[in-house]
Amino acid sequence: MFCYQCEQTANGKGCTRLGVCGKTPEIANLQDLLIFQLKGISCYGKVLIEKGQHIDKDIVRFVENSLFTTLTNVNFDADVHVSLLRESQQIKEKLREVVGEIKNHTLHATYNLPETKSEMLKDAPLAGIMYEKSLDPDIRSLRQTIVYGLKGISAYGHQARELGYFSDQVDDFYITALEATTDDSLTVEELIRMTMRTGENALEVMKKLDEANTETYGNPSPHKVDVHIKKGPFIIVSGHDLKDLEMLLEQSKGKGINVYTHGEMLPCHGYDGLKKYPHLIGNFGGAWQDQQKQFDNIPGCILMTTNCLMRPRDSYKDRIYSTNVVGWEGVKHIGKKENGDKDFSEIIQQAIELGGFKEDVEPHEILVGFGHHATLSYADKIVEAVKSGKVRHFFLIGGCDGARPGRNYYTEFAENVPKDCIIMTLACGKYRFNKLEFGDIDGLPRLLDIGQCNDVYSAICIAVALADAFDTDVNGLPLSLIVSWYEQKAVADLLALLSLGIKNIYLGPTLPAFLSPNVLQYLSETFGLRPISNAEDDLKTCLKQN
Ligand code: FS2
Ligand code: SF4
């Protein structure tokens, strides 16, 4: 196996024996082959797009779900991958019939998948990232960057589609971009352009997801959330999916169950359509990497709606459930019925039987719900505060959290932000400091939580509106972006920011192993993208910009 798609990759280079995330060589190889097959499907699909046709939405859904399945910490079940691989071959064959001869005779298009898992595994090396040893390292790097950006896009696309929202532009882009990664005639410059288009499509899909979430559940508004536990049976909902949470809340109401959000579900408390359920009682635990410790022997159930899933310990493997594209061998999976509904009765019943927490813990509340709508309702106040010198600088400290050392940089950074500056947060990296007291500036909270990782779209809306108010562009604002990355949604987020021309982003805790030295140099020269150093020095450099 060889995988270097996430920040915790072994030795900062690549996982070759077993994924640091727990991915086995078998799963890694099946995932390589699945991506290879998606590229093959796209070679045929691209011909249809060139003829002005849109790709059949069932095929788009398959491509999107398969990409999402291979994202870090999503699915570790070999049977799921084998079944997706078989479906990929059927789709490829169907497209071959429809499209006929194509010009791109790459192996991705001509390859035929064998029947059994062991035969598939024998073929898998040809789909490996490092298979073509002589490939130009910059071409390899850009191709992989595009694929990882697409994986991030697929996670957001999946979430929006579950609510009935999609973008034809993004749906076609999956195919166009995957095909581009098979085309040996494309130059480094052309692949850089495709990488920027990946960023544009990441922005488009996040916009669609924002529409899906806000039109379905209302615009988030400031809301206090208890982060301590309450007595009674409970279900913890993790991942990112608002619709699953809504279905579970609806089915569990009046049954004496408390529902807690976990990880990236925290911003759900800001939405009217979700906070209206009184048994959405609070938020449990910290970021994803603490789950094994925090779920250990827990007297309740857990529902994983998307990543980040870690190997479940025996002490809770019988009470954790997966849904959507998430999976782990031996973990109960809640599938979708034909009408799109899900039956959560088993997890609800088990939570009741487990009995839950015995005692309440003294409440401790934090504030969430500062999406673009809520934050911009304070726009006049913010502009006035900047003009009068009460607010000096804004810091967006956002992105994924992770288990590796070095991430305390983000806590130190937030703690040292001067009192006349505002901090905006998004994604699970906020758990490093979101329970600390930051106070306010003239009634405006100093810590504004914008939302999940996809809400980088919201952050962009806020920045663009503020730039308008100050008659400048986003790069002219007293704003610094301090980004932490872990998995491929963060890659999509970063590409979205770069595609808008946003400069001087600080990225850490380490730089992606899949960026070659030349690609990195290009990003640093063109966008001023820079690795984090230490909190004190970086903070000083940001403030000098004023
Ligand atoms: Fe955190 Fe994991 Fe949100 Fe990432 S819960 S690292 O998926 O996308 O952020
Ligand atoms: Fe390693 Fe990350 Fe790939 Fe898992 S997803 S195998 S940790 S690089």
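Starting from 1, each residue takes its place in the sequence as its number. Just follow the structure's listing: the first ligand is 1, and inside any ligand the first atom is 1.
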Closest contact, heavy atoms only, E329 versus A78
OE1-N, 3.8 Å
For atom 4 (Fe) of ligand 2, what's the nearest protein heavy atom and its distance?
C21 SG, 2.3 Å
Could you tell me, atom by atom, which parts of ligand 2 come under 4.0 Å of a heavy atom of C15?
1 (Fe), 6 (S), 7 (S), 8 (S)
Please report the interatomic distance CG(L85) to OG(S83), rounded to the nearest 0.5 Å.
8.5 Å
salt_bridge(E211, K208) N-O dist < 4.0 Å
yes
According to the interplanar angle, ranging from 0 to 90°, do the rings of F295 and F284 count as parallel (below 30°), tilted (30 to 60°) or perpendicular (above 60°)?
parallel
Angle between ring planes, H279 versus Y277, binned at 30° and 60°: parallel, tilted or perpendicular?
perpendicular
Quick one: look at Q5 and ligand 2, take heavy-atom pairs under 4.0 Å, and tell me if it's side chain, backbone, both or neither.
both
Nearest-neighbour protein heavy atom for atom 9 (O) of ligand 1, which is reported as residue plus atom name and distance
E264 OE2, 3.3 Å
Could you tell me if the ring centre of F413 sits under 6.0 Å from that of Y506?
no
Do any nitrogen or oxygen atoms of N307 come within less than 3.5 Å of a nitrogen or oxygen of ligand 1?
yes
Within reach of ligand 1, part of Q452 (heavy-atom separation under 4.0 Å)
neither
May I ask you to list the atoms of ligand 2 that are less than 4.0 angstrom from any heavy atom of Q8?
7 (S)
For atom 5 (S) of ligand 2, what is the nearest protein heavy atom, given as residue, atom name and distance?
T72 OG1, 3.2 Å
Could you list which atoms of ligand 1 come closer than 4.0 Å to a heavy atom of W288?
1 (Fe), 2 (Fe), 5 (S), 6 (S)
Between E264 and K489, does at least one N-O distance fall below 4.0 Å, as a salt bridge requires?
no
Of Y174, F68, F166, the residue whose pairing with H158 passes ring pair (Phe, Tyr, Trp, His ring centres under 6.0 Å):
F68
Distance from atom 8 (O) of ligand 1 to nearest protein heavy atom, with residue and atom
E487 OE2, 2.6 Å
State plainly whether the residues K117 and E26 are in salt-bridge range, i.e. N to O under 4.0 Å.
yes
protein heavy-atom neighbour closest to atom 6 (S) of ligand 2 works out as G19 CA, 3.4 Å
Does the shortest distance from atom 4 (Fe) of ligand 1 to an N/O/S atom of D401 fall below 2.8 Å?
no
Under 4.0 Å to a heavy atom of T9 - the qualifying atoms of ligand 2, by number:
8 (S)
Ligand-side contact atoms (ligand 2) for residue partner C3, heavy atom cut-off under 4.0 Å:
3 (Fe), 5 (S), 6 (S), 8 (S)
Is the distance between atom 1 (Fe) of ligand 1 and the nearest N/O/S atom of C428 smaller than 2.8 Å?
yes
Exam field: side chain N324 to backbone V326, donor-acceptor pair closer than 3.5 Å
no
Go through ligand 1 atom by atom and flag the ones less than 4.0 Å from a non-hydrogen atom of Y486.
6 (S)
Atom 2 (Fe) of ligand 1 sits nearest the protein heavy atom C308 SG, 2.2 Å
Are the side chain of T375 and the backbone N or O of F370 linked by a donor-acceptor pair below 3.5 Å?
yes
Atom 2 (Fe) of ligand 2 - nearest protein heavy atom and its distance:
C6 SG, 2.3 Å
